[in-house]
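Encoded as structure tokens, the structure appears first; notes follow it.
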Amino acid sequence: MRPLNLLLATATALIMPLAVQAQSPSIPAAIFTDSPADTVHPAGMAVLHIPSHGVEINAIVYTPSGAGPHRTIVICHGLPGNEKNLDLAQAARRFGWNAVTFNYRGSWGSPGHYSFANDLEDADAVLAYLEGPANAAKLGIDTKHIVLAGHSLGGWVTTQTAAHHPELEGAILISAADMALAASQPRDKVVGLMKENMESLNGTPEGIADNAIATVRAHTFTSAVPGLTKLPLLVLTSNDGLAPNAEALAKAVQSAGNSQVTVVHADTDHGWSDRRIFLEAAVLNWLQKLP
């Protein structure tokens, strides 16, 4: 996964960053201990095909052992999605949560053409699918307790989506990248970003860049603030150059009246390559504190 810090270097936050937590979190047992076997309600995994704007995108739900319904975390991957945080999904399942991962249209085998704008529509489609009564009953989803999480571009998707889904229980940003700022750079830089991130994406760097420039420049972190003022928010940052913008978002949300914002920084790279346990622990500990 290639960090976006070079592209966004000229669009860093203009306010001082928040004081953030940096200490190592306590390690929940779910990170290193298998769940008890339940022969009546065993853990499982199901492939999902979720309708989104005329096609069905690919998704997976990891279901925990025990009688449901269960709380659910939905994880949005980044650009292009080489790191899908499946270890986090597995840890969440051992923690007793459903964990859903999905591939946006035009990525990793999901049909359709890839674009940043489609990413936002697909996240909405996933939530609509999971919250539908029939699907929720079938998959054992407690629709009153759904958390949306996202890494890198997925963090941007999470900000924009959570801002108009007040029914969510919370949102998690992992090394979030403000893709509206990326799309606001000169065209050659946006095309260059896409040339470096075309693995398993359906489209051309030029076409995806031009669509991003035309459609998502207004969807900034700042634009999401009014919709995030009542939502518990976990902001996880790393040493990838993106932390100032994520911390600025957290501060703006706090200033708008949200007292449920937690910011945690880790001394690691954009993919959290040497802090995977730290990442899982920070997320699970935060989930545990939700009402």
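This structure is a prediction, so every number in the text was calculated from the model and none was measured.
The aromatic rings of His219 and Trp156 sit perpendicular, their planes meeting at an angle over 60°, well past the 30° parallel limit.
The closest side-chain heavy-atom distance from Asn245 to Leu249 is not below 4.5 Å. Under the 4.5 Å side-chain criterion, counting only non-hydrogen atoms from C-beta, Arg94 is not in contact with Pro64. Taking 4.5 Å as the limit, some side-chain heavy atom of Val126 sits within range of a side-chain heavy atom of Ile57. When side chains are defined from C-beta on, Asn58 counts as touching His49, because their heavy atoms get closer than 4.5 Å. Considering only heavy atoms from C-beta on, Val147 comes within 4.5 Å of Trp97 through its side chain. With contacts defined as side-chain heavy-atom distances shorter than 4.5 Å, the pair Glu206/Lys195 qualifies.
Taking both residues in full, the closest heavy atoms of Val190 and Gln185 are given as CG2-O, 3.7 Å, listed atom of the first, atom of the second, then distance. In plain terms, the two heavy atoms of Ile141 and Leu130 that are nearest each other are CD1-CD2, 3.6 Å. Closest heavy-atom contact between Leu284 and Ala91: CD1-O, 4.0 Å. Of all heavy-atom pairs spanning Ile50 and Ala125, the tightest one is CG2-O, 3.8 Å. Taking both residues in full, the closest heavy atoms of Trp286 and Gly170 are given as CH2-CA, 4.0 Å, listed atom of the first, atom of the second, then distance. Contact record, Asn285 with Ser26: ND2-O, 2.9 Å, taken as the closest heavy-atom pair.
A donor-acceptor pair is defined here as one N or O able to donate and one able to accept, closer than 3.5 Å; such a pair exists between the side chain of Arg217 and the backbone of Ala183. In terms of modelled atom types and a separation under 3.5 Å, the side chain of Lys84 and the main chain of Gly81 share a donor-acceptor contact. Trp108 places a side-chain N or O within donor-acceptor distance of the main-chain N or O of Pro80, the cut-off being under 3.5 Å. Side chain of Asp38 to main chain of Pro42: no donor-acceptor pair is present (N/O by atom type, distance under 3.5 Å, no hydrogens or angles). Here the side chain of Ser65 pairs a donor or acceptor atom with the backbone of Pro36 at under 3.5 angstrom. The backbone N or O of Gly112 sits less than 3.5 Å from a side-chain atom of Asn202, completing a donor-acceptor pair. Looking only at distances, a side-chain donor or acceptor of Asn197 sits under 3.5 Å from a matching main-chain atom of Leu193.
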TODO: Report the C-alpha separation of Ile146 and Glu167 in whole Å, then their side-chain angles, then the decisive distance to 0.1 Å, and conclude whether the side chain to side chain contact (heavy atoms under 4.5 Å, CB included) test is met.
DONE: CA-CA 8 Å; Ile146 296 178; Glu167 79 279 7; over 6 Å; no
Open item on the list: Run the side chain to side chain contact (heavy atoms under 4.5 Å, CB included) test on Ile172 and Leu287 for me, step by step, so that the C-alpha distance in whole Å, both residues' side-chain angles and the decisive distance to 0.1 Å come before the verdict.
Closed with: CA-CA 10 Å; Ile172 301 170; Leu287 294 177; 4.2 Å; yes
- [ ] Tell me, with the steps shown, if Phe116 and Thr215 meet side chain to side chain contact (heavy atoms under 4.5 Å, CB included).
- [x] CA-CA 8 Å; Phe116 296 172; Thr215 61; 5.6 Å; no
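Every residue two or more places apart in sequence or in another chain was checked for a ring-ring contact (aromatic ring centres under 6.0 Å, His included) with Tyr129, and none qualifies. For Asp87, the salt bridge (Lys or Arg N to Asp or Glu O under 4.0 Å) partners two or more places apart in sequence, or in a different chain, are Arg276. Among residues two or more places apart in sequence or in another chain, the salt bridge (Lys or Arg N to Asp or Glu O under 4.0 Å) test is passed with Asp122 by Arg105.
Of the N and O atoms on the side chains of Ser238 and Ser175, at least one donor lies less than 3.5 Å from an acceptor on the other residue. With 3.5 Å as the limit, one finds a donor-acceptor pair spanning the side chains of His265 and Thr237. No side-chain N or O of Asp269 forms a donor-acceptor pair with one of Asn239 less than 3.5 Å apart. Under 3.5 Å, the side chains of Tyr114 and Asp119 contain a donor-acceptor pair of N or O atoms. Under the 3.5 Å distance criterion, with hydrogens and angles disregarded, a donor-acceptor pair is assigned to the side chains of His164 and Asp124.
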Below 3.5 Å, can you tabulate the donor-acceptor pairs from side chains in residues 221-236 to any protein atom, sequence neighbours excluded?
{"residue": "Ser223", "atom": "OG", "partner": "Ala218", "partner atom": "O", "Å": "3.4"}
{"residue": "Ser223", "atom": "OG", "partner": "Thr220", "partner atom": "N", "Å": "3.1"}
{"residue": "Ser223", "atom": "OG", "partner": "Thr220", "partner atom": "O", "Å": "2.7"}
{"residue": "Thr229", "atom": "OG1", "partner": "Pro226", "partner atom": "O", "Å": "3.4"}

For residues 68-75, which side-chain donor-acceptor pairs fall under 3.5 Å, sequence neighbours excluded?
{"residue": "His70", "atom": "ND1", "partner": "Gly96", "partner atom": "O", "Å": "3.3"}
{"residue": "His70", "atom": "NE2", "partner": "Gly66", "partner atom": "O", "Å": "3.0"}
{"residue": "Arg71", "atom": "NH1", "partner": "Glu169", "partner atom": "OE2", "Å": "3.2"}
{"residue": "Arg71", "atom": "NH1", "partner": "Pro291", "partner atom": "O", "Å": "3.2"}
{"residue": "Arg71", "atom": "NH2", "partner": "Pro291", "partner atom": "O", "Å": "2.4"}
{"residue": "Thr72", "atom": "OG1", "partner": "His70", "partner atom": "O", "Å": "3.4"}
{"residue": "Thr72", "atom": "OG1", "partner": "Asn98", "partner atom": "ND2", "Å": "3.1"}

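With side-chain heavy atoms closer than 4.5 Å counting as contact, directly or through intermediates, the hydrophobic cluster containing Ile60 also holds Met45, Tyr62, Leu86.
To the nearest 0.5 angstrom, Ile213 atom CD1 is 6.5 Å from Arg187 atom CZ. Atoms OG and CG, on Ser110 and Asn103 in that order, are 4.5 Å from each other to the nearest 0.5 Å. Atoms OG1 and CG, from Thr143 and Asn135 in turn, are 11.5 Å apart once rounded to the nearest 0.5 Å. The line from CD of Glu131 to CG of Leu168 is 6.5 Å long, rounded to the nearest 0.5 Å. One finds the CG atom of Leu79 at 9.0 Å from the CG atom of Asn82 (value rounded to the nearest 0.5 Å). The distance from the CZ atom of Phe278 to the CD1 atom of Ile31 is 11.0 Å, given to the nearest 0.5 Å.
For an aromatic pair to be called close, the ring centres must be under 6.0 Å apart, and Tyr104 with His77 satisfies this.
Considering His151, Glu280, Gln90 in turn, His151 is the only one that fulfils the side chain to side chain donor-acceptor pair (under 3.5 Å) rule with Asn85.
The number of heavy-atom neighbours closer than 6.0 Å to NE2 of His113, taken from other residues, nucleotides and ligands shown, is 12 or below. Counting non-hydrogen atoms of neighbouring residues, nucleotides and ligands closer than 6.0 angstrom, the CG atom of Asp188 exceeds 12 such neighbours.
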